[in-house]
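Read through the structure below, which is laid out as structure tokens, and then see the notes.
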Amino acid sequence: MELPLDEEDGTFTSISLADDSEHHSRIPPSKAERGHATMMNADMDDLSARVDAVKEENLKLKSENQVLGQYIENLMSASSVFQTTDTKSKRK
């Protein structure tokens with residue numbers, strides 16, 4: 001992309017909209033660009049590790065919830081408070 005600078009007032013006078021992909025492919029990335037890419041890769045690795053940790057925690061919590069649900073169900077079935085009553089037989 002061309003950005004010619006007008007020497008008199010320091011403003012840009014025209015912008016070329018031509019495809020600059022060839023121009024960019026010939027210029028090696030600067031040290032700052034390589035550093036930025038490295039930081040982005042590190043950030044992606046960190047995010048990926050966090051996603052994996054959350055998935056593991058989610059599976060652990062689901063398993064614990066199943067155990068607790070079964071435990072509560074067993075307690076409720078053993079308790080007379082939660083037993084179903086037959087109202088027809090009591091009325092006779």
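None of these values were measured; they are calculated from a predicted model.
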Problem set entry | Results of side-chain contact (heavy atoms from CB on, under 4.5 Å) for Glu64 - residues two or more places apart only | Lys60, Leu61
For this session: List in chain and number order the residues that pass side-chain contact (heavy atoms from CB on, under 4.5 Å) with Leu59, two or more places apart in sequence or in another chain; answer none if no residue qualifies.
Result: none
Exercise. Other than Met40, what residues sit in its cluster of Ile, Leu, Val, Met, Phe, Trp and Tyr side chains whose heavy atoms are under 4.5 Å apart, directly or through others?
Worked result: none
Problem set entry | Rounded distance [0.5 Å steps], CZ in Arg50 versus CG in Leu47 | 6.0 Å
Seminar exercise, completed: Residue set satisfying side-chain contact (heavy atoms from CB on, under 4.5 Å) with Lys62, at least two apart, ordered chain then number -> Asn58
Problem set entry | Contacts of Gln70 that satisfy side-chain hydrogen bond (donor to acceptor under 3.5 Å, both in side chains) - sequence neighbours left out | Asn74
Seminar exercise, completed: By side-chain contact (heavy atoms from CB on, under 4.5 Å), Ser48 pairs with (sequence neighbours left out) Asp52
